[in-house]
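These numbers were taken from a predicted model, which means no experiment stands behind them.
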Amino acid sequence: MQVCLIQVPYMIGDEHQGGSKGPQRYVQAGAEKLLAGRGVAVTVERIERGKPFRDSSSASLAVNKDLAAIVRQAIEAGQLPLVLAGSCDVGMGILSGFDHAGCGVVWIDAHGDFNTPESTISGFFAGMSVAVITGHCYQNLWAQIGNSAPIPEAATLMLGVRDLDAAEHERLARSAIQVVKWHEGKPQADVPASLDELAKQVPEVYLHVDLDAFDPQVAPGIVDSPVPGGLSLQDMEEAIRAVAARFRIRAAALTTYNPDLDQNDKTLRAGLRIIELLAECASEK
């Protein structure tokens, strides 16, 4: 098994935010050695924006163009792209890097990321990430990155959701996206059954893990304000194993780790365990 560990040291294309430090911290803490110790051949890549940016969307565009190219190279080389990033907008670049017809998405996150420019109350670009890749907004922007075929809503599953604004909640309720909410540390629907439903739609997935899906006791060092009642490390491991048992994982991302806000490296250890687990699952496949 081969993995391409791709550092994206930006938060929505900006290197000056706390989340931009997370990818390098994983590597400094031995992520590459952790994978190699599992018998996985590893290469490490790093995205560089290379030019000043005008605004969040243009910065994200520049970063995601380069990310799509690296993902494409990795897949052509028979590697699993494992992306370490400061924000969730990297989904555009990852999916643009390969033919994702017949590919679904498992999105593990405390938030829905399903706002659009019309529904958002904050204007936060990364909070529209799922809306973009399912075809609801910024389609001309995504088309400049690469393959921008929208992921069908019915081929999208969210896990861990527990913090939605009113408009986003309504949009998700009207959609065909499966949403397994989390409340007081427990899933509000059957996770394996939801994955089984998704498996009726697609044989492979892009797996996206935002560390804010964890309970703050597990991962306090994240970009957004932590939301109580999230996944335990065991919950996350069980979910990832269940995904790997049912699907071919085409690419994976681990996002929003902010080392500046971590406590005794709790979040770092949780992220490293996910990296290790993904390698284990890929090797077993």
Side-chain angles (χ1 to χ4, degrees), residues 8 11 18-19 22-23 26 82-91 94 104-115 124 126-131 133-134 156-165 168-169 172 177-192 194-195 198 205-244 247 249 251-259 261-263 265-278 281:
V8 185
M11 182 180 164
Y26 286 126
L82 176 49
V83 177
L84 310 175
S87 53
C88 293
D89 56 307
V90 291
I94 294 168
V105 170
V106 176
W107 194 275
I108 307 179
D109 197 318
H111 308 95
D113 292 350
F114 199 56
N115 271 307
F124 186 50
M128 307 180 205
S129 297
V130 176
I133 64 173
T134 53
T156 305
L157 169 63
M158 294 181 179
L159 303 177
V161 176
R162 56 194 186 278
D163 187 12
L164 300 170
D165 59 47
E168 188 178 33
H169 183 277
L172 279 170
I177 294 174
Q178 283 195 89
V179 181
V180 177
K181 294 182 179 180
W182 234 257
H183 180 67
E184 295 183 350
K186 296 180 180 180
Q188 301 303 289
D190 189 295
V191 173
S194 299
L195 289 166
L198 182 63
V205 295
Y206 159 51
L207 175 61
H208 183 99
V209 180
D210 186 326
L211 289 181
D212 69 17
F214 279 122
D215 188 84
Q217 293 299 315
V218 180
I222 55 174
V223 168
D224 293 313
S225 298
V227 184
L231 281 72
S232 67
L233 187 56
Q234 181 179 342
D235 291 333
M236 184 68 78
E237 292 194 19
E238 290 176 354
I240 291 174
R241 289 191 185 280
V243 170
F247 304 96
I249 298 176
L254 189 58
T255 69
T256 77
Y257 169 40
N258 183 349
L261 300 178
D262 208 0
Q263 300 171 10
D265 289 338
K266 287 182 180 180
T267 314
L268 174 63
R269 290 195 297 273
L272 289 172
R273 177 55 190 148
I274 293 172
I275 292 170
E276 182 181 40
L277 180 58
L278 286 168
C281 292

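The nearest pair of heavy atoms linking Cys88 to Asp109 is SG-OD2, 3.9 Å. Contact detail for Gly221 and Thr267: the closest heavy-atom pair is N-OG1, 2.8 Å. Shown here for Glu168 and Gly112, the closest heavy-atom pair between the two residues is OE2-C, 3.3 Å. The two residues Gly229 and Pro216 come nearest to each other via the heavy atoms N-CD, 4.5 Å. Nearest heavy atom pair, residue Val8 against residue Pro23, reads O-CG, 3.4 Å. Residues Arg162 and Val227 come closest through the heavy atom pair NH2-O, 2.8 Å.
Aromatic ring pairs are classed by plane angle as parallel below 30°, tilted from 30° to 60° and perpendicular above 60°; the pair Tyr206 and Trp107 is perpendicular.
Residues Leu157 and Val105 form no side-chain contact, since every pair of their non-hydrogen atoms from C-beta on lies 4.5 Å or further apart. Looking at heavy atoms from C-beta onward, Asp215 lies out of side-chain contact with Leu231 at the 4.5 angstrom threshold. Contact of the Lys186 side chain with the His183 side chain is not registered, since no non-hydrogen atoms from C-beta on lie closer than 4.5 Å. Considering only heavy atoms from C-beta on, Val106 comes within 4.5 Å of Leu198 through its side chain. Looking only at side-chain heavy atoms (C-beta outward), Leu254 and Val83 stay at 4.5 Å or farther from each other. Looking at heavy atoms from C-beta onward, Thr255 lies in side-chain contact with His208 at the 4.5 angstrom threshold. Contact of the Ile177 side chain with the Val179 side chain is registered, since non-hydrogen atoms from C-beta on lie closer than 4.5 Å. With a 4.5 Å cut-off on side-chain heavy atoms, Leu277 and Ile274 do not count as touching.
Between Val180 and the choices Val191, Val161, Ile108, the side chain to side chain contact (heavy atoms under 4.5 Å, CB included) rule is met once, by Val191.
A 6.0 Å sphere centred on CD of Gln188 holds more than 12 heavy atoms belonging to other residues, nucleotides or ligands.
Taking a cutoff of 4.0 Å between a charged side-chain nitrogen and a carboxylate oxygen, Arg273 and Glu276 qualify as a salt bridge.
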Quiz item: Hey, mind stepping through Val223 and Met11 against side chain to side chain contact (heavy atoms under 4.5 Å, CB included) and telling me if it holds?
Solution: CA-CA 9 Å; Val223 168; Met11 182 180 164; 3.2 Å; yes

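Checked against side-chain hydrogen bond (donor to acceptor under 3.5 Å, both in side chains), Asp224 has no partners two or more places apart in sequence or in another chain.
With 3.5 Å as the limit, one finds no donor-acceptor pair spanning the side chains of Asp89 and Ser129. Residues Thr256 and Asp212 bring no donor and acceptor atom of their side chains to less than 3.5 Å of each other.
A donor-acceptor pair under 3.5 Å is formed between the side chain of Asp235 and the backbone N or O of Ser232.
In this structure, NZ in Lys181 is found 8.0 Å from CG in Leu172, a value given to the nearest 0.5 Å.
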